[in-house]
Amino acid sequence: MREFTRRHPILVYVVLTYAISWAYWIPLALSGAVVTPGGSVTHFPGLLGPAIAAFLTTALQSGGPGLRALTRRLWLVSEPAGRFWAYALSPVGFLALALLIAGALGQLPRWSDFALFSGLPPLPLATVLLLVLLFNGYGEEIGWRGFLLPQLLQRYGKVQSALLTAVVWAGWHTPTFWTIEGYTSMSVPVLIGGFALGLCAGSIVLTHISTRTQASVLAAAVWHLTYNMGAATTASRGVIGAVTTGCVQIWAVIIVVQEVRRVRAERRNPLSSAT
């Protein structure tokens with residue numbers, strides 16, 4: 001098994017991730033339960049699948065040294081620290097813009113609506129933030145940006161790696177399409193199109209952040225937390241969610257354009273890029 005994992009780490013990781021998460025989500029979907037903000041049904045245990053699979057695959061692939069390297073990145077703050085936190089907390093800026101627009105339109109949400117998160121019962125906002133950081137943030141990002149993305153970047157460019165990560169990330173969500181209220185209420189074309197576009201944009205942005213912060217899992221986890229507060233709470237319905245996700249999509253387009261220009265410049269002048 002160790003030798004197979006060393007030869008095919010991505011395959012082993014993806015199979016383990018899906019198996020662990022789906023073992024919880026598929027029975028939940030078959031039961032007909034629906035996950036809602038502030039409800040009693042939760043999909044949170046399944047969110048730990050990517051993290052568990054990342055540690056298991058790393059242990060098989062590179063043993064103790066690999067596990068120690070991955071663990072160090074869980075709290076790595078790269079230098080300069082100001083740039084690090086600007087990247088990690090950038091969705092706070094998107095949310096601030098969304099609140100300004102919502103206020104101008106007379107559609108400001110209640111502060112308590114930010115504590116009503118999909119898959120969690122009514123809890124104090126501080127508790128919600130902690131749980132979302134642990135499950136959505138670290139639970140997913142230890143796997144996606146902590147393990148999968150670095151593996152892909154060894155073989156592909158940044159945009160290709162981001163899109164391949166998005167494919168795996170999107171497929172992993174499949175059982176939740178029948179359990180999470182925000183998904184079940186959409187028509188199939190809207191669900192597939194909007195979800196795919198959002199995941200691709202988010203993956204491109206998070207790939208950019210990861211490469212600018214020395215592959216810090218902390219940066220990705222904090223970004224995931226702050227983004228979800230403007231996209232997966234009761235407060236995010238309507239203007240807040242639209243502006244927040246729109247900002248991410250615009251940023252993703254800018255990143256892709258810049259990357260395409262960089263690659264073309266390197267092809268025109270390979271000696272300069274090598275230097």
Side-chain angles (χ1 to χ4, degrees), residues 1-23 46-78 84 87-88 134-174 196 198-224 227 248 252 255-256 258-260 262-263 266 273:
M1 186 62 186
R2 287 182 180 273
E3 185 60 31
F4 182 85
T5 303
R6 292 188 181 110
R7 292 199 306 268
H8 309 286
I10 294 174
L11 174 62
V12 171
Y13 168 74
V14 172
V15 170
L16 283 174
T17 298
Y18 279 42
I20 294 167
S21 295
W22 288 14
L47 296 173
L48 295 175
I52 296 170
F55 281 115
L56 290 175
T57 308
T58 300
L60 290 169
Q61 182 187 27
S62 51
L67 287 172
R68 286 191 291 273
L70 176 58
T71 302
R72 282 194 296 270
R73 288 163 51 211
L74 301 189
W75 51 77
L76 171 66
V77 177
S78 63
F84 174 91
Y87 278 125
L134 293 176
F135 284 84
N136 274 117
Y138 279 112
E140 293 193 51
E141 295 305 334
I142 290 173
W144 306 138
R145 259 56 63 171
F147 181 86
L148 180 59
L149 179 63
Q151 296 286 332
L152 290 169
L153 285 171
Q154 294 175 16
R155 310 180 187 189
Y156 308 102
K158 287 191 286 188
V159 175
Q160 297 96 318
S161 297
L163 295 178
L164 287 170
T165 301
V167 169
V168 177
W169 194 10
W172 170 76
H173 280 89
T174 301
L199 260 289
C200 287
S203 187
I204 290 168
V205 169
L206 280 165
T207 296
H208 179 72
I209 290 172
S210 182
T211 58
R212 294 300 183 93
T213 59
Q214 300 177 19
S216 170
V217 176
L218 173 62
V222 171
W223 192 95
H224 205 136
Y227 171 76
V248 174
I255 291 169
V256 171
Q258 290 176 337
E259 183 65 13
V260 169
R262 184 190 66 80
V263 171
E266 288 182 353
S273 62

Engineer: On a heavy-atom basis, which atom in Ala54 and which in Ile142 lie closest, and how many Å separate them?
Structural biologist: CB-O, 3.6 Å
Engineer: CG/Leu70 to CG/Leu76 distance, rounded to the nearest 0.5 angstrom?
Structural biologist: 11.5 Å
Engineer: List the atom of Gly139, the atom of Pro50, and the distance in Å for their closest heavy-atom pair.
Structural biologist: O-CB, 3.5 Å
Engineer: Nearest 0.5 Å, what's the CG-OG distance between Leu149 and Ser203?
Structural biologist: 7.0 Å
Engineer: Can Gln151 and Gln61 be said to form a side chain to side chain contact (heavy atoms under 4.5 Å, CB included), step by step?
Structural biologist: CA-CA 11 Å; Gln151 296 286 332; Gln61 182 187 27; 3.2 Å; yes
Engineer: Are His224 and Tyr138 an aromatic pair by the rule of ring centers under 6.0 Å?
Structural biologist: no
Engineer: Apply ring-ring contact (aromatic ring centres under 6.0 Å, His included) to Phe84 and list each qualifying residue two or more places apart in sequence or on a separate chain.
Structural biologist: none
Engineer: Roughly how far apart are Tyr87 OH and Ser78 OG, rounded to 0.5 Å?
Structural biologist: 9.5 Å
Engineer: If you compare all heavy atoms of Val205 against all heavy atoms of Val248, which two are closest, and at what distance to 0.1 Å?
Structural biologist: CG2-O, 3.7 Å
Engineer: What heavy-atom pair brings Cys200 and Ala166 nearest, and what distance separates the two atoms?
Structural biologist: CA-CB, 3.9 Å
Engineer: Taking atom CZ of Arg73 and atom CG of Leu218, what is their separation to the nearest 0.5 Å?
Structural biologist: 11.5 Å
Engineer: Can you check whether His208's main-chain N or O pairs, donor with acceptor, with Thr211's side chain at less than 3.5 Å?
Structural biologist: yes
Engineer: Measure the spacing between OG1 of Thr207 and CD of Gln160 and express it to the nearest 0.5 Å.
Structural biologist: 11.0 Å
Engineer: So which pairs with a foot in residues 149-172 pass salt bridge (Lys or Arg N to Asp or Glu O under 4.0 Å), sequence neighbours left out?
Structural biologist: Lys158-Glu259
Engineer: Mind checking what makes ring-ring contact (aromatic ring centres under 6.0 Å, His included) contact with Tyr156, not counting sequence neighbours?
Structural biologist: none
Engineer: Just do the side chain to side chain contact (heavy atoms under 4.5 Å, CB included) check on Ile10 and Leu148 with the steps written out, would you?
Structural biologist: CA-CA 7 Å; Ile10 294 174; Leu148 180 59; 3.9 Å; yes
Engineer: Between atom CG of Leu199 and atom CH2 of Trp144, what is the distance when rounded to the nearest 0.5 Å?
Structural biologist: 9.5 Å
Engineer: Check side chain to side chain contact (heavy atoms under 4.5 Å, CB included) between Leu67 and all other residues, then give those that pass, not counting sequence neighbours.
Structural biologist: Phe55, Thr58, Ala59
Engineer: Would you say Trp169 and Glu140 are linked by a side-chain donor-acceptor pair, where the criterion is simply a distance under 3.5 Å?
Structural biologist: yes
Engineer: Side chain to side chain contact (heavy atoms under 4.5 Å, CB included) between Phe147 and Glu141: does it pass, once the steps are laid out?
Structural biologist: CA-CA 8 Å; Phe147 181 86; Glu141 295 305 334; over 6 Å; no
Engineer: Show every donor-acceptor pair shorter than 3.5 Å between a side-chain atom in residues 13-20 and any protein atom, with sequence neighbours excluded, or say none if there are none.
Structural biologist:
{"unit_1": "Thr17", "atom_1": "OG1", "unit_2": "Tyr13", "atom_2": "O", "d": "2.8"}
{"unit_1": "Tyr18", "atom_1": "OH", "unit_2": "Val168", "atom_2": "O", "d": "2.7"}
{"unit_1": "Tyr18", "atom_1": "OH", "unit_2": "Trp172", "atom_2": "N", "d": "3.0"}

Engineer: Any donor and acceptor pair, going by atom type alone, linking the side chain of Ser216 with main-chain N or O of Thr213 inside 3.5 Å?
Structural biologist: no
Engineer: Just do the side chain to side chain contact (heavy atoms under 4.5 Å, CB included) check on Phe4 and Leu11 with the steps written out, would you?
Structural biologist: CA-CA 10 Å; Phe4 182 85; Leu11 174 62; 3.9 Å; yes
Engineer: Quick one: salt bridge (Lys or Arg N to Asp or Glu O under 4.0 Å) pairs with a partner in residues 203-213, sequence neighbours left out?
Structural biologist: none
